[in-house]
2 protein chains.
Amino acid sequence: MTTDMRVLAVEDDPRIAKDLHAALSAAGFRVEHSRDGEEAWFLGDTEEFDLVVLDLGLPALDGLAVLKRWRANGRTMPVLVLTARGTWQERVEGIEAGADDYLPKPFRMEELVARARALVRRAGGHAAALQEAGDLSLDTNRMGVALRGVPVQVTALEYRLLAYLMQHRDRPVPPTELLEHLYGDDDAREANALEAVIARLRRKLGPGVIGTRRGFGYYLEGA
Amino acid sequence: MTTDMRVLAVEDDPRIAKDLHAALSAAGFRVEHSRDGEEAWFLGDTEEFDLVVLDLGLPALDGLAVLKRWRANGRTMPVLVLTARGTWQERVEGIEAGADDYLPKPFRMEELVARARALVRRAGGHAAALQEAGDLSLDTNRMGVALRGVPVQVTALEYRLLAYLMQHRDRPVPPTELLEHLYGDDDAREANALEAVIARLRRKLGPGVIGTRRGFGYYLEGA
DNA sequence: GGCAAGCTGACAGCAAGCTGACAATTCGGG
DNA sequence: CCCGAATTGTCAGCTTGCTGTCAGCTTGCC
């Protein structure tokens, strides 16, 4: 069974947390989220993560303390520390507590993702960023698609469609939204173009992968 | 720290250079110093270092350009980038150019040393000089290319292209990305220039070495 | 039954990519 | 500093295969 890249995002500000989740899952990570230090410590200590994104200002238990306790227990997963406090002492402290990288707020999500990827690449060897739903798996690094482990060849457009559905696998995606994502909304296309792509994909993937909910949109089955 | 770690410090401001030297050698590093980009590039390309501390604002050849040229040539030593320019684009750019860590000026020497140590610890040993993918092998030290052990003569540009593909052999590399790394994006080239280089390389290497995934990019086969 | 949403196979247009030739540029040697 | 050779960018024409459109069909829903 193939493994996802699991990342633990520890962040109490709901707005930032939401952005984190969006950016990281778009990058192919499976995101677990925790909003307080105690819970975060427990999760990080008992489960396996490929990366932790850790905010320092936390309720219940300070981020630095969490990190130190992990390291004291021999946990070695890469940790990317976020902090609003920008003093150099803090940074040194963070690094000496065992942080692998450091990002001062405010930051751009693009930068966070770039660093997260770099950390994971350095740490875990070249593990693939796999996203799964039912029998289908997407390798967002290789841009590859597989069905029950068997590679399936798809075109660039088809891939983008699958990736988008995967990213929003918790809900049916309306055709209008897909059209806008695949083509710019400036570029006017017959609505049928999308259906054609779906049809071709279904021919390649067989039944039971892409589902339709009439009036709502498309979704990946088994997610 | 009794180990004999060689670090290359690239910095043109004499005052900072002096501080760097003091702090790093106090921390147990053997420090080589270079004050201009050309020289730095040459040193980093021909000698073995365990770490490079690289300032971005340099005379003769910009720091980012130096870094890109190293990476394009397959040099993989850890690089810690220093910069006065603090915009997030710059940081992303730096990381994508292959930097392993980033430190905005002004900074404290304590912090630099902490990060330097962390980088070296993470990197562990020296990077391999020979990289392989399928029948193809690159000798990153003498910039040589061989196919099934038989040397093949390639030009500098062709070599940089191969080295880049080799460095990212786990995914198809889109033409836009290759163009940007081979030439600066400032220098506008016809998109066709890349295809010409690919064609010439394929003529030299034969089929089954450089593959194309239409809409995704180029890749090295058998990797 | 009727309507709207969605499906499908066929097909033509088109864009991505390839190639060979040639011109511009670079580079090393005298 | 100049010349010849190697390298590299540009162009035109070509191949390939992706993808939008169309016409006609099925399915679900009122």
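The structure presented is a predicted model; accordingly, all values stated were derived computationally and were not measured. All chains are named by letter (A, B, ...) in the order of the sequence lines, taking the proteins before the strands, and each is independently numbered beginning at 1.
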Exercise for review: Check the side chains of B:Arg160 and B:Thr155 for a donor-acceptor pair under 3.5 angstrom, ignoring hydrogens and angles.
Suggested key: no

**Study point:** Length of the CD-C1' vector between B:Glu190 and C:dA16, whole Å
**Key:** 15 Å

Exercise for review: Find the distance B:Leu201:CG to C:dT19:C1' and express it as a whole number of Å.
Suggested key: 14 Å

Check your understanding: How close or far is atom P of D:dT8 from atom OH of B:Tyr183, stated in whole angstroms?
Key -> 8 Å

Review point. What residues in residues 213-222 of chain B put a non-hydrogen atom under 4.0 Å from any atom of DNA chain C?
Key: B:Arg214, B:Gly215, B:Tyr218

Check your understanding: If you look at every strand shown and take non-hydrogen atoms under 4.0 Å, does B:Glu195 touch a base, only sugar-phosphate, or nothing?
Key -> base

Review point. Within the structure shown, what part of the strands sits under 4.0 Å from B:Arg202 by heavy-atom distance: base, sugar-phosphate, or nothing?
Key: sugar-phosphate

Review point. Quick one: do the A:Arg202 and A:Thr212 side chains pair a donor with an acceptor below 3.5 Å?
Key: yes

**Study point:** Rounded distance (Å) that lies between atom P of C:dA15 and atom CG of B:Asn192
**Key:** 16 Å

Review point. Can you tell me how far C1' of C:dT19 sits from CD1 of B:Ile198, to the nearest Å?
Key: 13 Å

Point to revise | Residues within residues 151-165 of chain A bordering DNA chain C, heavy-atom distance below 4.0 Å | key: none

Practice item. Take atom NZ of B:Lys204 and atom C1' of D:dT8, then tell me their distance rounded to the nearest Å. Key: 11 Å

Check your understanding: Angle, rounded to 10°, between the helical axes spanning five pairs at each terminus of the helix from C:dG1-D:dC30 to C:dG30-D:dC1?
Key -> 40°

**Study point:** C:dA16 OP1/OP2 closer than 4.0 Å to side-chain N/O of B:Thr212
**Key:** no

